[in-house]
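The structure appears below as C-alpha cells.
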Amino acid sequence: MGCGASHPAGNLHNAPSPDGKRSSSAGSRGPVSLQVVIEAAQQAEKAKLVSGSTQRWRLLSAAVTSGLYAAWEDKDMPFDGYEEDYFEHFDEGHDDYKMFLGDHIDEEGNKVRTDYAESLDVVNWNQTLLDKLRKDKSARGQILRDAKKYGDLFDEIQDRHITVVYNPIGGGGKARRLVGAMVIPVLQLCKLKFKVMPTKYRRHAVQLMKELDPASTNGVIVCGGDGLVHEVVTGYFQNPDFAKLDEGVPIGICPCGTANAMANALHTHENTSQISIVGRAALAACKGGTRRMDVIRCVQQPNESSRDENLQGPEPAEIYALSCFGWGMAGAVALKADKLRWIPGQRSMRYDIAGFVSLVNDWPVADTGVLEYREAIEGQDDPGPWKKTEIKLINLIATNMDRLGKKHPIYPGVEPDDGRLVLSYIDASKKMNSRRNVVKLGMGMKHGKYLGLGKGVVSYSLKEFKITPIEFKSPYNIDGDPHDVSPIHVTCLPRALSLFFLPHEDKIGTIKRESEISLLSHSEV
C-alpha cells in the first residue's frame, strides 16, 4: 500500500493467458516462473465468473497458499551487461523515428543491442521522417512537433548538455523503449547535446551521480521508476561537488516505473498517458524551467548483518528519496515484488501477487518500534518539540505528497514542496485491524479514499522522525526499494532540489511568449 507497491487486493486480470502465447518467454526463466504465470492467469479467469471482493479474495488467497510462489526467492532477472559503444551520429536515413536505440552490427558482423548514445551536433531529420511527423496525430507526434518548433528557434546546436540515465531492463524493457521512442527524439529536435547512459547493476546510478562532473552537463534526466530516481538523487547529494550540481545541474524525471510518484505530482497536464508525461518531462529539461522540491533524507545506523555493504558500517548510511519511506507491509511487498521481476511483461502484476502473499503467508504483519517525532506547526518553519511513543504497525507510510502515483491516495493537502511529511500507519494494536479490514483499506485506496483518513489508521504531520525497531520481520521501503532494518532518522529537507518543470498552462509545451524564451535563456550555461 503505497511506496510503489500496489494495494493488496489488486486485480490480476491482465495476467498472460494460459494459451501458451508467452510460454517461451516464461519458460526461459524455468518451470516455476511459467507455473506461477499460468496459475495467476487461471485464477484471474475464475475470478471473472464470480462477483464481490470476498469471492475474489478466496480464489486468489487459495492460489497463494498452494505454495506455487514459495520458490521465487531463488528467481531473479539476470542482466548481462553490454560493452560501451557510443556513436555520435544517428542514421539520418532511418525511416521510423519511433526507436533510436535499435540494434546495430558490430565489427564481427554480429547484431548487437545498443544501449548507449551520444550526440554533440545537430541531427537533421530527413524529409521522410518530417513528413511522417507532420501527419502523426498521436500524443507522441504532438510532443515531437512541439519539440521541433522549439528547436527551430535556434540556428545551431544549443550550448547545453543533458545526461540521460536509465535502466535498460526497467519496466520489462519499457524504459529503454521510451528513451528511444521519446526522450532521444525530443533532445534531437530541441537541438541539445546529450549522452545516454544505461545502468548495469543495482546502485550503479548512485555511483554515476557521485562521480558526475558538474562542468560536464547542464542537467540530468532519469528514465525509470521511483527506485532509480532515489538512486540518482542519493548519488547527487553525495557528490563532492554537490553545491555546484545544485546551482547548475537540475534533475528531470521521465517516469518508466510503476508508481512514478514525483513525476505524476510534477506533470499535471490533462493528458496523463505515460508517453505524454515522459515527453513533457523531456521537454521540460530542454526548456530549462525548474521548480524547487522537498527531499526526504534517511540516515540509517549500521547493521553488521545486512547484505547491503552500504549499511554494514562503520558510518551511518545516508539515502535520499523524493516520495516516501515505508515499513511493515510496504517493505514486505517491495521485497517480494523485487523477486518477481522475471514475470514477463507484468510490471504491476508482481506487486499484486506480492501483496496477496504478504497478507496470506506473513499475517499477522506486526512490526513494533519506538517512534520519536517533531510535528509540523502551521505557519512556522521550526518544528514542535520531540515526542515519543511506542507503535505496533501493520503498514506505515511517510510521504511528502498526497498520493503515491495515480492510484494510491495517502493523505489530503500534502504538497511536495511544503516542507513537511505526513506519516500514516495502520495500528496493529487495534482489534478492528483484521486482515479483512486491511484488504478493505486497500480497496478503498483503489476507489480514491485516503489511507490516512481510514478507520484504524493513525496520522501525523511531521518535519522529522526517528524509528528504533524492537521486533520486526518486514524491511523498510524507501521510494519503492526494500532496505534492511536498523535505527533510522528521517528528515524533510525543504525545497532542497531543483527539478525540471513544465508549467501546466503550457498546454502542449510550445514557447510562444518572449517571457518564456527569456526563462529558457537565463538557465543556459
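- Judged purely by atom type and a 3.5 angstrom limit, Thr368 uses its side chain to pair as donor or acceptor with the backbone of Glu471.
- From Cys223, atom SG reaches atom CD1 of Ile184 across 9.0 Å, with rounding to the nearest 0.5 Å.
- Side-chain atoms of Asp427 never come within 3.5 Å of backbone atoms of Gly456 as a donor-acceptor pair (strictly under, hydrogens ignored).
- Pairing each heavy atom of Gly180 with each of Pro185, the nearest pair is O-CD, 3.4 Å.
- Closest non-hydrogen pair, Ile275 versus Ile143, comes out as O-CD1, 4.1 Å.
- Leu502 CG to Arg291 CZ: the interatomic distance, rounded to the nearest 0.5 Å, is 12.5 Å.
- Distance CG/Asp479 to OG1/Thr234: 8.0 Å, rounded to 0.5 Å.
- Looking at Asn218, its side chain never comes within 3.5 Å of a backbone N or O of Gly248 through a donor-acceptor pair.
- Looking only at side-chain heavy atoms (C-beta outward), Pro469 and Asp367 stay at 4.5 Å or farther from each other.
- Within a 6.0 Å radius of NZ in Lys449, other residues, nucleotides and ligands contribute 12 heavy atoms or fewer.
- Of the inter-residue distances, the one linking Leu311 atom CG with Asp484 atom CG reads 6.0 Å to the nearest 0.5 angstrom.
- When atom types are taken as modelled, the side chain of Ser306 and the backbone of Asn303 share no donor-acceptor pair closer than 3.5 angstrom.
- The two residues Gly452 and Ser459 make their nearest non-hydrogen contact at O-OG, 3.0 Å.
- Put simply, the side chain of Asp402 never gets that close to the backbone of Tyr411: no donor and acceptor are under 3.5 Å apart.
- Judged by distance alone, with hydrogens and angles left aside, the side-chain atoms of Asp294 form a donor-acceptor pair with the main-chain N or O of Asp418 at under 3.5 Å.
- The closest side-chain heavy-atom distance from Glu390 to Ile470 is below 4.5 Å.
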(Q) Run Thr163 and Ile221 through side chain to side chain contact (heavy atoms under 4.5 Å, CB included) and show every step you take. (A) CA-CA 6 Å; Thr163 299; Ile221 292 179; over 6 Å; no
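- Taking every heavy atom of both residues into account, Ala281 and Ile253 meet most closely at CB-O, 3.1 Å.
- Judged as a ring pair (Phe, Tyr, Trp, His ring centres under 6.0 Å), and not counting sequence neighbours, the contacts of Tyr460 are Tyr373.
- Other residues, nucleotides and ligands contribute more than 12 heavy atoms inside 6.0 Å of the CD atom of Gln301.
- Side-chain atoms of Glu231 and Asp481, non-hydrogen and from C-beta on, do get closer than 4.5 Å to each other.
- Considering every non-hydrogen atom in both Ser498 and Thr290, the closest pair reads CB-CB, 4.3 Å.
- Within the 3.5 Å criterion, the main-chain N or O of Ile319 finds no donor-acceptor partner in the side chain of Gln300.
- Contact of the Phe325 side chain with the Ile467 side chain is registered, since non-hydrogen atoms from C-beta on lie closer than 4.5 Å.
- Asn400 places no side-chain N or O within donor-acceptor distance of the main-chain N or O of Ile296, the cut-off being under 3.5 Å.
- With Asn395 contributing its side chain and Ile426 its backbone, the two residues share no donor-acceptor pair below 3.5 Å.
- Residues Arg403 and Tyr450 meet the side-chain proximity criterion, which asks for heavy atoms closer than 4.5 Å.
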Q | Derivation and outcome, side chain to side chain contact (heavy atoms under 4.5 Å, CB included), residues Val490 and Leu423 | A | CA-CA 11 Å; Val490 180; Leu423 182 152; over 6 Å; no
(Q) Between Asp159 and Lys193, does the side chain to side chain contact (heavy atoms under 4.5 Å, CB included) criterion hold? Intermediate values first, please. (A) CA-CA 8 Å; Asp159 190 23; Lys193 305 171 188 177; 3.7 Å; yes
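- Listed by first and then second residue, the ring pair (Phe, Tyr, Trp, His ring centres under 6.0 Å) pairs involving residues 295-321 are Phe237-Tyr320 (not counting sequence neighbours).
- At a threshold of 4.5 Å between non-hydrogen side-chain atoms, the residues Ile377 and Asp382 do not count as touching.
- No option in Leu178, Val164, Val196 other than Val164 meets the side chain to side chain contact (heavy atoms under 4.5 Å, CB included) test with Val183.
- Atom CG in Leu192 sits 5.0 Å away from atom CZ in Arg160 (nearest 0.5 Å).
- For the pair Pro255/Val278, a side-chain contact is recorded, criterion being any heavy-atom separation below 4.5 Å from C-beta on.
- By the 4.0 Å N-to-carboxylate-O rule, Asp246 lies close enough to Arg292 to be salt-bridged with it.
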Q: Dump the intermediate steps for side chain to side chain contact (heavy atoms under 4.5 Å, CB included) on Thr217 and Lys195, then the final yes or no.
A: CA-CA 9 Å; Thr217 193; Lys195 184 175 184 178; over 6 Å; no
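- Sparse packing is recorded around CD of Glu304, with 12 or fewer heavy atoms of other residues, nucleotides or ligands lying under 6.0 Å away.
- A 4.5 Å side-chain heavy-atom check between Trp386 and Glu464 finds at least one atom pair inside the cut-off.
- Pro214 and Val249 make their closest contact through O-CG2, 3.8 Å (heavy atoms, listed as atom of the first residue, atom of the second, distance).
- Remark: His161 engages no residue in a ring pair (Phe, Tyr, Trp, His ring centres under 6.0 Å) (not counting sequence neighbours).
- Between the side chain of Thr199 and the backbone N or O of Tyr201, no donor-acceptor pair lies under 3.5 Å.
- Atom CD in Glu118 sits 9.5 Å away from atom CE in Met197 (nearest 0.5 Å).
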Q) Passes salt bridge (charged side-chain N to carboxylate O under 4.0 Å, His left out), Asp381 versus Lys463? Steps please. A) CA-CA 9 Å; Asp381 293 332; Lys463 290 284 190 177; 5.4 Å; no
